[in-house]
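Reviewing the structure listed below.
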2 protein chains.
Amino acid sequence: MRPTDLDRVRGLHLFGQAAPETFRVATAGAHLQRFPANTTLLFEGDTVDFLYMLLEGQVELHGTWNDHETVMAILRPVSSFLLAAVVLDADALMSARTLERCEILMIPGDAIRTAMQLDARFAMAVSRDLAGGYRGLVRTIKNHKLRSGVERLANHLLALRSADNAGSTVRLHYEKRILASLLGMTPENLSRAFAALQAHGVTVEGALVHITNIAALEALAKPDPLIDNHAPRGGDILIDADAEIWSSEWNRKARR
Amino acid sequence: MRPTDLDRVRGLHLFGQAAPETFRVATAGAHLQRFPANTTLLFEGDTVDFLYMLLEGQVELHGTWNDHETVMAILRPVSSFLLAAVVLDADALMSARTLERCEILMIPGDAIRTAMQLDARFAMAVSRDLAGGYRGLVRTIKNHKLRSGVERLANHLLALRSADNAGSTVRLHYEKRILASLLGMTPENLSRAFAALQAHGVTVEGALVHITNIAALEALAKPDPLIDNHAPRGGDILIDADAEIWSSEWNRKARR
DNA sequence: GCTTGGACTTGATGCAGATCAAACCACTGC
DNA sequence: GCAGTGGTTTGATCTGCATCAAGTCCAAGC
């Protein structure tokens with residue numbers, strides 16, 4: 001593993017609080033692996049032997065039942081995944097596949113569990129990460145049960161805008177059919193949802209989405225800090241570890 | 001607090017592994033409180049100062065957006081709730097209200113956080129609890145995105161049957177309109193869903209549901225160990241801490 | 001260049017589930 | 001007992017979204 005990669009891992013919330021010894025133990029058995037695009041890393045139901053740290057590329061987590069498939073999350077660097085399964089030494093509930101060429105650091109699960117026993121601060125950091133993930137899922141469920149498809153799309157666009165702290169144009173980082181599944185709709189319906197948003201200040205141009213009237217879009221989307229993590233809360237400071245669904249690093253600002 | 005209550009708390013997964021000193025510290029500042037039925041304990045957005053341990057009664061967690069409301073979970077003893085918010089010292093994402101008269105042990109949040117710093121085994125137990133909760137929410141999302149209303153109801157009935165390790169009759173422990181919201185449908189639709197299940201060996205009699213043909217119901221429900229925690233996995237032993245959505249105690253057998 | 005395949009869009013149709021409305025029932029309180 | 005209230009059921013209707021079916025666009029391969 002290159003020193004620069006080590007630095008990146010060291011910088012994660014998960015290890016930031018840990019004792020140097022803990023960090024050494026955990027990363028000693030770790031190995032960096034590269035995967036091509038469209039590679040399944042793990043099927044749901046598989047035993048989870050490693051904690052995965054995505055350093056480069058994009059990974060999709062999805063679930064299956066009765067010949068249906070749904071995208072649960074898209075991960076971008078730097079994110080860890082499968083932490084809950086590792087902590088419990090349990091099977092994976094979701095499959096993971098690369099959407100593009102990826103660099104992934106794989107840390108043996110028992111190293112993580114051992115480190116937690118030895119270092120309360122590290123165990124605390126794991127708890128914070130899991131708690132943040134937990135709250136992200138609560139937000140996701142509220143999003144799905146309380147809003148319509150168009151409303152979910154509108155809020156997704158606002159979240160993207162906030163994450164990229166961009167101007168009036170955001171870029172979709174993956175295919176629309178994947179976004180559709182993530183938002184819980186069909187590709188056809190996503191297309192129509194975009195069309196519906198034209199009346200609310202949104203125009204689409206391939207992967208680029210122009211938000212020409214933010215006020216109008218927000219009026220439709222009604223973002224809420226208790227669902228949308230990006231939404232402003234009344235003058236409050238955003239708690240760092242409560243950042244996102246899959247990793248506290250997911251949503252950090254100034255990425256690239 | 002009565003000694004018997006202390007014993008019940010001591011028996012929880014959360015404290016089972018903790019050092020006696022940790023247990024003492026955490027429960028020293030705790031107080032037992034009784035609430036009447038239909039009392040809101042906490043609104044979403046409120047600051048969370050306590051970890052709540054439900055010792056008696058039923059509590060509903062629900063979320064709101066734009067004048068809509070949805071039930072996120074129903075808790076029964078012995079369950080903890082708001083652990084994720086406590087770990088992060090964050091606002092509640094869900095409101096909590098009693099459905100009936102409740103006894104709740106309230107443990108100061110900072111006592112929990114302090115105990116985690118001091119006792120790695122306790123921090124580990126918190127992680128396991130959160131990881132179990134996390135996985136429960138993943139199951140919930142798969143359930144909602146991949147199944148229809150009737151399928152969700154069918155699986156819910158099978159889960160009830162499994163939890164009560166009962167015979168062919170299960171009892172609904174709360175009102176149908178609450179169950180409807182929990183399953184993501186309207187009361188009218190739940191009624192029709194029950195009617196639809198008549199063709200698959202289910203008859204309803206108030207709060208009692210008779211499953212006259214389990215094979216037929218399972219053929220419709222297609223329970224899956226990666227969604228339904230009760231579903232049998234191939235000869236495997238069920239991992240204890242991965243027990244349920246809101247608490248590892250939720251689903252334990254031989255309750256009453 | 002042409003061809004092929006997959007992503008995306010657009011239109012027509014069908015279905016699951018929401019909404020509206022009314023009736024029924026059980027329980028509560030007077 | 002009786003009226004009132006709220007939960008539940010049933011029916012009629014409406015809507016959002018899925019499904020089915022073309023057709024377009026675009027990139028990769030021959």
Side-chain angles (χ1 to χ4, degrees), chain A residues 36-38 58 60 65-71 74 97 99-101 143-154 156 171-200 202-209 220, chain B residues 36-38 58 60 65-71 74 97 99-101 143-156 171-200 202-209 220-221:
Chain A
N38 261 325
Q58 285 189 114
E60 173 199 282
W65 178 76
N66 197 28
D67 291 328
H68 292 267
E69 184 180 309
T70 192
V71 173
I74 305 295
R97 66 177 256 267
L99 293 183
E100 46 190 53
R101 193 171 178 285
N143 191 36
H144 270 86
K145 288 182 77 175
L146 292 168
R147 302 214 263 228
S148 71
V150 176
E151 287 164 342
R152 288 196 296 276
L153 175 59
H156 184 81
R171 233 182 113 251
L172 306 177
H173 297 283
Y174 34 87
E175 291 168 0
K176 292 207 184 83
R177 70 190 178 86
I178 292 175
L179 175 60
S181 180
L182 182 65
L183 294 178
M185 53 178 108
T186 58
E188 295 96 320
N189 231 307
L190 176 62
S191 211
R192 284 186 257 268
F194 270 120
L197 287 186
Q198 275 184 11
H200 302 266
V202 172
T203 57
V204 184
E205 188 188 334
L208 294 180
V209 180
L220 171 71
Chain B
N38 260 326
Q58 285 190 113
E60 172 199 282
W65 179 78
N66 196 29
D67 290 329
H68 292 267
E69 183 180 311
T70 192
V71 173
I74 305 295
R97 66 176 256 266
L99 293 184
E100 47 189 55
R101 192 169 178 287
N143 191 36
H144 270 85
K145 289 182 75 176
L146 291 168
R147 303 213 264 228
S148 71
V150 176
E151 286 164 344
R152 288 197 295 277
L153 174 59
N155 278 290
H156 184 81
R171 233 182 112 249
L172 305 178
H173 298 283
Y174 33 88
E175 291 168 358
K176 292 207 185 81
R177 70 191 177 87
I178 292 175
L179 175 60
S181 180
L182 183 65
L183 294 178
M185 53 177 108
T186 58
E188 296 95 320
N189 229 306
L190 175 63
S191 211
R192 284 185 257 268
F194 270 120
L197 287 185
Q198 274 184 10
H200 301 266
V202 172
T203 58
V204 184
E205 189 188 334
L208 294 180
V209 180
L220 171 71

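What's counted below: heavy atoms across the whole structure, side chains too, no hydrogens, waters or symmetry copies.
- The base of C:dC20 is paired with the side chain of B:Glu188 by a donor and an acceptor separated by under 3.5 Å.
- Out of C:dG17, D:dG7, D:dA18, the shortest distance to the side chain of B:Ser148 is found at C:dG17.
- Side-chain contact between A:Leu190 and A:Leu153 is present, with heavy atoms from C-beta onward closer than 4.5 Å.
- In this structure, A:Leu220 and A:Val150 have side chains that are in contact, with non-hydrogen atoms separated by less than 4.5 Å.
- In this structure, the CG atom of B:Leu99 is 14 Å from the C1' atom of D:dG7, given to the nearest Å.
- In this structure, B:Leu179 atom CG and D:dT9 atom C1' are separated by 15 Å, rounded to whole Å.
- In this structure, A:Leu208 places its CG atom 15 Å from C1' of C:dC8, rounding to the nearest Å.
- Considering only side-chain atoms of A:Thr186, the nucleotide from D:dC17, D:dT19, C:dA7 that sits closest is D:dT19.
- Distance B:Phe194 CZ to D:dT9 P: 8 Å, rounded to the nearest Å.
- A:His144 has its NE2 atom 15 Å from the C1' atom of D:dG16, to the nearest Å.
- To the nearest 0.5 Å, the span separating CZ on A:Arg192 from CG on A:Leu197 amounts to 14.0 Å.
- Comparing C:dT9, C:dA7, D:dA18 against the side chain of A:Lys176 picks out C:dT9 as the nearest.
- Distance B:Leu190 CG to C:dT19 P: 15 Å, rounded to the nearest Å.
- For A:Arg192 and D:dT19, a side-chain-to-base donor-acceptor distance below 3.5 Å is present, hydrogens and geometry of angles not being considered.
- For the pair B:Arg147 CZ and C:dG17 C1', the computed distance is 18 Å after rounding to whole Å.
- Residue B:Glu175 contributes atom CD, which lies 12 Å from atom P of D:dG6 at whole-angstrom precision.
- Counting any heavy atom pair closer than 4.0 Å across all strands shown, B:Gly206 reaches no nucleic acid atom.
- Inter-residue side-chain proximity for A:Glu60 and A:Tyr174 is flagged as unmet; no heavy-atom pair is nearer than 4.5 Å.
- The closest donor-acceptor contact from the side chain of B:Lys145 to the backbone of A:Leu183 lies at 3.5 Å or more, if one exists at all.
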